Amino acid sequence: MRTGALLGLLVALLTLPVAPSAQAGDILTEMSAGRKYALQSKAASDEAGKPVCASAQTEDAGNQAGKLRARTDCGVPGSLGARETFTLHTGDKGARAALRSEANGLYVSAEFHDTDTHFGMLRARQDGSIGNWEQFRTVDLNDGWFALQYTFTEGGVSRNYYVSAEINSNGGDEGLLRARATTTPGSWERFKLLRIDSPSRPPAAASTPKRSIQALTWNTCSNNGACAMNEFSDDAFADAVVQRAADARADVIFLQEFCEKLAKPLEHRLEARFDGGADTWDVRFAPIQHQMAGTKDQWAQKSCGRNRGAYGVAIAVPAGNTWYEAVELESPAGKERRTALCAAVPSWAVMACTAHFSTGGADYDDPERDDQQAQASYLAEQAAEYAGYRPVLGGDLNASPTMTPEGSSVPVLQPLYDLYKECDQPANRLTTANHKLDYIFAPGTATWSGCALGSSAANPSDHIPLSGTVTLPAR
């Protein structure tokens, strides 16, 4: 293994500790545990003598709706509301990014067709796919601040503009953010993306009798043009997952290669199929990310095609879940940063986690598989860290049970096998054309039964679903 691969893991935990707040806007994106940021303006902060961040004016109307103004005290980022909270999204592996407002779920657009003092005004107003007016580059100014650079192209001519905070404007335009500066960035063009974290932990796990849980894992291949699932409508996609859940009688569902905006349609379909439409399921999501070009610790969520939000993993659990956490997995430099997602079910004393590891082997992200093994080690340890909870975890781990890193005799997934018991041992049936890549693990005190593969007939994914019944002792 690469020197210090485990000891040097830099893993960030992102927590959404309670059910989505009433401030949340887009119901299709509010179930995500992705990184969140506030946008601080240097000029506004210098003038106020304290940190000041941008706010999306979602209460404004007409062509003023959603305009961004540097006007809110952000000395305590964790206390900010939805209007000051944004996520980053990328469709080109971090070369450029778009801001999405948590207040309304819309991307920020630079309004280059507005005139005079509103030319280039930033507004959270775009609900379609990310276009050129929604994408900016971060330009490191080498003093701890960044410039945000938009490119306006029309008539075959392109021009770059830096975002300015209009500190000298008055009234409703005071602090207005505009992509309008063309010279070397000054204080008005300097910004920081402040990470917004929550330090909370899951609620206390309940005492519970012996319990059997049906678990299902499936890589849905929903952003791969070679898979039928990529072309399914939202309803058809949800129906395909629900049918596999019905076949497995699933209580918990682990999903990979999943698009964010499919979470809510799936939740509704699960409730309609099994519970007459009652509020009985929660579907949560966490994104895979790319590092923003020119930054050290800004990460943008990889975008799904067809305007389906971010790309990553999801988990479906009983609606008693109110706490979930994205677990970022250290990944090969310059490649996708993979993720796991854990959700607490307090009444079961179960912490359910889904994961998608980096792709290993020659010509892939992790050719020597060192990072894969580090991901397995971290996930194995992290899933056991939630006091009072029994881990049940599954996903596409992109390695067979016997696969070993270059120069090692220890299999990639051995850290998981050391702590947990896998559903399909010792059969280890193939879940793709040539390998077993999909797994469900539970504590060593648990017992597995009925581990089975779903039907490969008319399977719209390149992975076969895997399911089984885990019986957990009383706690």
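Residues take their numbers from the sequence shown, with the count starting at 1. For clarity, every value in this text was computed on a predicted model and none was experimentally measured.
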- Message: Working note: Gln414 + Asp418, criterion side chain to side chain donor-acceptor pair (under 3.5 Å); need CA distance, chi angles, decisive distance, verdict.
- Response: CA-CA 6 Å; Gln414 192 60 46; Asp418 285 345; 2.8 Å; yes
- Message: Assess, by modelled atom type and distance only, whether the side chains of Thr220 and Glu257 contain a donor and an acceptor separated by less than 3.5 Å.
- Response: no
- Under 3.5 Å, is there a donor-acceptor pair between the side chain of Asn104 and the main chain of Ala124? yes
- Query: Side chains of Tyr107 and His89: does their closest heavy-atom pair fall under 4.5 Å?
  - Reply: yes
- Task: For residues Asn219 and His356, determine if any side-chain heavy atom of one lies less than 4.5 Å from a side-chain heavy atom of the other.
- Result: yes
- Donor-acceptor under 3.5 Å (Thr431 side chain, Asp438 main chain): yes
- Candidates Thr151, Val108, Leu99, Leu122 - the one meeting side-chain contact (heavy atoms from CB on, under 4.5 Å) with Phe136: Leu99
- Task: Ignoring hydrogens and angles, tell me if any N or O in the side chain of Tyr420 forms a donor-acceptor pair with the backbone of Ala380 under 3.5 Å.
- Result: yes
- Closest approach of Ala103 and Thr58, non-hydrogen atoms and distance? CB-CG2, 3.7 Å
- Counting N and O atoms only, with roles assigned by atom type, does the side chain of Gln372 sit under 3.5 Å from a partner on the main chain of Thr359, one being a donor and the other an acceptor? no
- Task: Going by the side chain to side chain donor-acceptor pair (under 3.5 Å) test, name the single residue among Asp396, Thr354, Asn398, Thr339 that passes it with Gln256.
- Result: Thr354
- Message: Within the structure provided, determine whether Val241 and Leu262 are in side-chain contact (heavy-atom separation under 4.5 Å).
- Response: no
- Query: Does a side-chain N-to-carboxylate-O contact under 4.0 Å join Asp140 and Lys296?
  - Reply: no
- By side-chain hydrogen bond (donor to acceptor under 3.5 Å, both in side chains), which residues pair with Asn230, not counting sequence neighbours? none
- Pairwise distance OG(Ser408) to CG(Asp370) - rounded to 0.5 angstrom: 8.0 Å
- Query: Between the main-chain N or O of Gly309 and the side-chain N or O of Arg100, is there a donor-acceptor pair closer than 3.5 Å?
  - Reply: no
- Query: Counting N and O atoms only, with roles assigned by atom type, does the side chain of Thr138 sit under 3.5 Å from a partner on the main chain of Ala293, one being a donor and the other an acceptor?
  - Reply: yes
- Would a distance-only check, ignoring hydrogens and angles, find a side-chain to backbone donor-acceptor pair under 3.5 Å from Ser79 to Val76? yes
- Mind checking whether Tyr439 and Tyr417 have parallel, tilted or perpendicular rings, split at 30° and 60°? perpendicular
- Item | Option among Gln375, Arg338, Arg337 that satisfies the side chain to side chain donor-acceptor pair (under 3.5 Å) test with Ser331 | Gln375
- Asp234/Arg306 ion pair, N-O < 4.0 Å: no
- Task: Working to the nearest 0.5 Å, report the span between CG of Asp282 and CE of Met31.
- Result: 5.0 Å
- Item | Tyr386 and Trp323 aromatic centres sub-6.0 Å | yes
- Message: Ring centres under 6.0 Å, that's the criterion: do Phe285 and Tyr324 meet it?
- Response: no
- Is the backbone N or O of Trp348 less than 3.5 Å from a side-chain atom of Arg390, with the two atoms forming a donor-acceptor pair by type? yes
- Query: With side chains defined as the heavy atoms from C-beta onward, is the minimum distance between Pro443 and Pro391 less than 4.5 Å?
  - Reply: yes
- Side chain of Ser303, backbone of Thr90: donor and acceptor closer than 3.5 Å? yes
